[in-house]
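This report refers to the structure that appears directly beneath it.
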Amino acid sequence: MVKDYEIQGIHTIANKEETSIVRNLTLKVGSNKSLSKMSRCLDRSTDKKTLDISGPILNECYIPLTLDKIRELDRDKEALDYYILSRAKYLDSGNINVLSIRLVLKPQEKIEKKDYEFINSLLTWSRNDIYLVPTLEFDGVIESSEKCNIYDTFVKQLLEDKKTWTNANSGIMIPSYYPRALVDNLFEMYKDEGSRFVAVDFDNKRMDKPSQTIGTIVRHFNSKDEGAFMYAVNLKPYKKGHTDESAWDIYAMHGTFNAIGPTHPKPRKVVLPNDWRSAGRVFDANNVSYPVLDENHRDCFFNWTEKNYHFRFEDDYSKNTSGVYNYLKRYNFNQINLLLSEFSKAIDKGETEFIDEMVAHIPPDMANTKITAVENTSRRKRKRINDNLGVI
Amino acid sequence: MSYYSKLVYYLKIDILIVVLLFSYLRKYLFLLRMQCNDTMTASRKVNDEFILKPCIVSLIDVLGSSELLLRGIRQDNEMYLRNLSNMFKFAGKYYPSDQIKTFSDNILIYDEDIEDGDSKLSKMVNSVAQMQYQTVCDLGLLLRGAIASGGLYHSPNDSEFDDFTIGDGLVTAYNLESKKAIHPRIVMQDKLARRFLNGDGDDSLLRKQGSVYYLDYLQTTLVDGFPDESLLSNHRDALIKHINTNNAVEKNEKWDAVRLKDVWCLSYHNDFCSRYDAEEYIIDYTEAFDSKGDCIEISVRGRY
Amino acid sequence: MTITENQMLKNDYYELSDDELEVLFIIDTDPIMRTRLQKISLLYSKIFDTEKESHGAYFFGGYSDNIDEASDELVDKGIIQETNQGYVITDYGIKLKKMLIEGLEDSDDLITGIANIKKSVSELDDKSIIGLTYHFFEETTTNSTIKASVDRYNKRSIYDGKSLDQISLDEFINKLKKGTVIHRGG
C-alpha cells in the first residue's frame, strides 16, 4: 500500500561555477523502507544476482497503458494481474517500488470516471510504495497547449479522487512536453499534497537543458528551503554515433537528480552490423563514459560475466548467442550503481576530491552550463516580443 | 558423549528444526499473500468465453524436416533440433510467448487485429521478414509460410489444454501455405496485402509474383536504399553452404522437390542483387546431371 | 489556469535551442525523411558551423544525435509531425517559424543559408544526397555499413554532366551557398 514518504538528511555540494550541484539525501517510505544513496533503477534485464550485488534501490515498474487496455484489464482480474506482474519485478526485495504509468491517449479520447478509479486502484496497490501521478502521451497531432490543458485536468481530477483512496503524499510527474515557464502551474496543483518526490520524464532524450525545466524545479524547491527527491524517467544515457562517449545520464546527478530510470526507446527500424558495435555501449566507471565494446573495453565485461555467471563470451561476436545485450545491461547496471554509491558517500562525507573528479567528467558540451541559469546565454539572440506576439 | 557435547548436539538439532519450520512458514505466508493480497481491483472474474478474436496470423513451416528426420542420422538430428529451437527463440525476440505456438516444425505467431491494426500488421510483416532472413543466415533453414487475417481462438495460459488454437484465420493461413506458397517464401493473403500496401507499412517488403504477394525479406538488409553488403554476403554464404550440404546427402525420390526449392532461393537472391546493384554478391550456379547421371545437381561457384 | 496557444508560442519562441531552430528551418510543408534531414543538417554544419563537430560517423554515415533529439522535441511540442513520408511542419509550427524569422538576430546563415542548401539539392533524391555526403565528407563514413554500396553508386553518378571526381569540394559548397540547383545526370 502506498505510504507517506519523507526526505531527510540532505547534503548538498555545489561547485563555484554552479555547473554541478550534487545532493545526497535519504528517501524514507513508511516505517520500514529507506534509500540513502543515488541509484540507477533496475530494468527488464536485471536478475537477482545483479540486484543483490547492488543492494536496495528505487524500483521503477514501468506500465504502459491505453484507455482500451485499462477497460479490458478492468473486466478481467487475472489478465490484469498477469499484465502488471510481468512488468513489475523484485517487488519483495526491499527496494522502493514505484509504479510509473504512461497512459497514451488517442485523438478525442476522454478519460472517464471508471478509468480514474482504475488508475487510483493501481497506484494504491499493496506492492506500490509511492503514489506517482502518471504521465500522459498523445497519439496523433495535437496542439501543445491542448496537451498541457488535458494533462492539468487529468492531474486535478486524479488528485481529487485520490482522497477517497489514500492520504499518502503523492509524487509529481513532469511530462516532457510541459513548458518550463509554466511548471509552477503544475506545482500549484500539488500544493496540498506535500509532494517532494519529483519525476521528470525525458522521453528518451538526454539531459541537456538545465537552464530550463531542471533549473526551474531546483529553484522552486530551493526557494522553499526544502529538498526534493528528483527522479529522471526514460533518460537517454549517451549520444549515438559520436566521438563524445560521455555518460549523459550521470550528468543528471550534477543537476541534482537522485535516481535515474531505465530507457524506454521508441521502436525504430535500424539495421545494425553483426559485430560488437551493435551490442550496445559498456559503462566505464573510471572515465564515466560509455565506450563501444571494442577490444580495449571487452575484458572487464568478459571477466565480470565469467566471475558471476561462470561462462565466457567468445571474442568473435557472431559465435555468441543473442544474450550479450542482456548481460551487458546487467554489467552496466552493476557498475553504475557501484559508482553512484561511492558518489553518495563522497557527498555525505564532503570528499571534494572525488566530487571534483566527477565534475571533470561532465560532458564537454555542458561543462560551462550553470544548472540554475534562468536563461541559456549560448543560444541565438532574439528580439523581445509583446503579449500579442509582435516583435518589439 | 559428555554432557556438554550432548547439549550442543541437541541444541543444533533444535536450531535446525526451527530454521526449517521458519522457512516453510515464510514460503506459506508468501504464497498466501500472493493469492489474497495480490488483487489489483475488486473486479469480478470473467467467465471463460470461447470466441474467435480477429487476428493477424503467420503460419510458418520449416522445410526439409521430414527428409532429414527420416534419414535418421543422429548428429544431423541433434543439429536440426538445436536450430529449430533457436528459430523459435528468434520469434521470441519480436513477440511474447503467449502469442507464439509451436508444433513439430511449424510455428504460429498471432496478434490481435484491433481497429487501428495497421501498426500491428506492419510489425508482423517486419518481424517475420527479419526472422526469415535470420533463419536462413544463422541456421541454414528455409521457410515457407503465409500471413493471413481471420478469427482465432487460443486457450488461456492456465487452461486444461495448453496450446489449443483454432480458427478460420489459421485455416486460411494453412491453405495459403500449403497451396499457394509452393516455394520457400512467405505469402500473404490478397486482401491483407492490399491493406498493407494502402496503409502505413513499408511497401517494399511485399513483392508480387503473378497473382501472389510474398515477403521480399532481403529488403531487411537495406539501409536508406543501399544494401548492407555484410548482410548480403552472409545470405550468399549461407545459401551456398545449404546447397553444398544438400548435395552431399544421398538422393531419393524427393530430391527434385528439394532441388527446386534451392533453385528458387538462388534465383531470389540473385534477383535481389541485380535489383540493388550488388552484382558482386550474385551466386554463380549451374544445374547439371551428377557424375553418375542419376539426378540433376546444383553446383555453386560463389562469386559472379 | 488554461494555457493558451499564445503562451506556448511565446514560450517556444524564446526556448527553442539552436539545434531545434536548425531542424525547424530545414522542415517545411513538403515531407522530408529523417535521413534527408540528417544529411542537409550535415551540409549546413560543414558550411556554416565548421568549428563544431556536430556529426559523428555512425553506421549510416554522418549522424547528429542532437539533430535527432531536436526533431523528437519538435514533434513533442507539436511544431512538426512525423508521418510515414517524413517530417512535416504543423500549422502551429508555421506560426512559430514566422515569428522567428522576424525575431531572430544575426541569423542569415540559418534562414537564408538553409534555404539555399535545400534549393540546391531540391532535384536530388535521398540516395543522391547520401552519395554526395559520403563522397565529400569521407570522415563521417568510417563506421558505415553501406560504404561499399554507396561508393559503387557514386562511381556511376553524374551531376551536371560531371562525375564526382571532377567536382571539387569548393565547387560543391559554392553551389550549396548560392542555392544553385544541382541535377543528377547530364
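Chain identifiers are assigned alphabetically (A, B, ...) following the order of the sequence lines, protein sequences preceding nucleic acid strands; residue numbering begins at 1 within each chain.
With a 4.5 angstrom heavy-atom cutoff, C:Asn66 touches chain A via backbone and side-chain atoms both. The part of C:Leu21 that comes within reach of chain A is its side chain, from C-beta onward, which places non-hydrogen atoms under 4.5 angstrom from that chain. With a 4.5 Å cut-off on non-hydrogen atoms, A:Leu182 touches chain C through its side chain but not through its backbone. Contact of A:Tyr178 with chain C is made through the side chain alone, with heavy-atom distances under 4.5 Å. Heavy-atom distances place the backbone of C:Ser54, and not its side chain, under 4.5 Å from chain A. Of the two parts of A:Phe138, neither the backbone nor the side chain holds a non-hydrogen atom closer than 4.5 Å to a non-hydrogen atom of chain C.
Within a 6.0 Å radius of CG in C:Asp106, no more than 12 heavy atoms belonging to other residues, nucleotides or ligands are found. Heavy-atom contacts from other residues, nucleotides or ligands closer than 6.0 Å to NZ of C:Lys147 number more than 12. Heavy atoms from other residues, nucleotides or ligands lying under 6.0 Å from CD of C:Glu138 number 12 at most. Crowding of A:Asn386 atom CG: a count of heavy atoms from other residues, nucleotides or ligands under 6.0 Å exceeding 12. Residue C:Arg156 qualifies as enclosed at atom CZ: its count of foreign heavy atoms under 6.0 Å is above 12. Atom CD of A:Gln108 is surrounded by 12 or fewer heavy atoms from other residues, nucleotides or ligands within 6.0 Å.
Judged by distance alone, with hydrogens and angles left aside, the side-chain atoms of A:Arg382 form a donor-acceptor pair with the main-chain N or O of C:Tyr13 at under 3.5 Å. Formation of a donor-acceptor pair under 3.5 Å by the C:Asp18 side chain with backbone atoms of A:Arg380 is found in this model. Checking side-chain atoms of C:Glu15 against main-chain N and O of A:Pro179 turns up no donor-acceptor pair under 3.5 Å. Here the side chain of A:Asn149 pairs a donor or acceptor atom with the backbone of C:Ile3 at under 3.5 angstrom. With hydrogens and angles disregarded, no donor-acceptor distance shorter than 3.5 Å links the side chain of C:Tyr92 to the backbone of A:Ile142. A donor-acceptor contact shorter than 3.5 Å is absent between the side chain of A:Lys240 and the backbone of C:Tyr63.
Between A:Glu143 atom CD and C:Thr4 atom OG1 the span is 11.0 Å, to the nearest 0.5 Å. In this structure, NZ in A:Lys381 is found 10.5 Å from OG in C:Ser107, a value given to the nearest 0.5 Å. Of the inter-residue distances, the one linking A:Ser144 atom OG with C:Asn11 atom CG reads 8.5 Å to the nearest 0.5 angstrom. With values rounded to the nearest 0.5 angstrom, C:Asn6 atom CG is found 9.5 Å from A:Ser145 atom OG.
For the side-chain hydrogen bond (donor to acceptor under 3.5 Å, both in side chains) with A:Lys236, the qualifying choice from C:Asp68, C:Asp72, C:Asp65 is C:Asp65, the only one to do so.
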Could you pull out all donor-acceptor pairs under 3.5 Å where a side-chain atom in residues 97-105 of chain C meets a protein atom, sequence neighbours excluded?
| residue | atom | partner | partner atom | Å |
| --- | --- | --- | --- | --- |
| C:Lys97 | NZ | C:Leu24 | O | 3.2 |
| C:Lys97 | NZ | C:Ile27 | O | 3.0 |

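Considering only heavy-atom pairs separated by less than 4.5 Å from chain C, the leading option among A:Asn204, A:Asp244, A:Asn185 is A:Asn185. Among C:His55, C:Met8, C:Glu69, C:Glu5, the residue with the largest count of heavy-atom pairs under 4.5 Å with chain A is C:Glu69.
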C:Lys10 and A:Asp387: CA distance, side-chain angles, deciding distance, salt bridge (charged side-chain N to carboxylate O under 4.0 Å, His left out) verdict:
CA-CA 8 Å; C:Lys10 197 171 178 180; A:Asp387 286 340; 2.9 Å; yes
Hey, mind stepping through C:Asp76 and A:Lys205 against side chain to side chain contact (heavy atoms under 4.5 Å, CB included) and telling me if it holds?
CA-CA 11 Å; C:Asp76 234 0; A:Lys205 298 187 203 84; 3.1 Å; yes
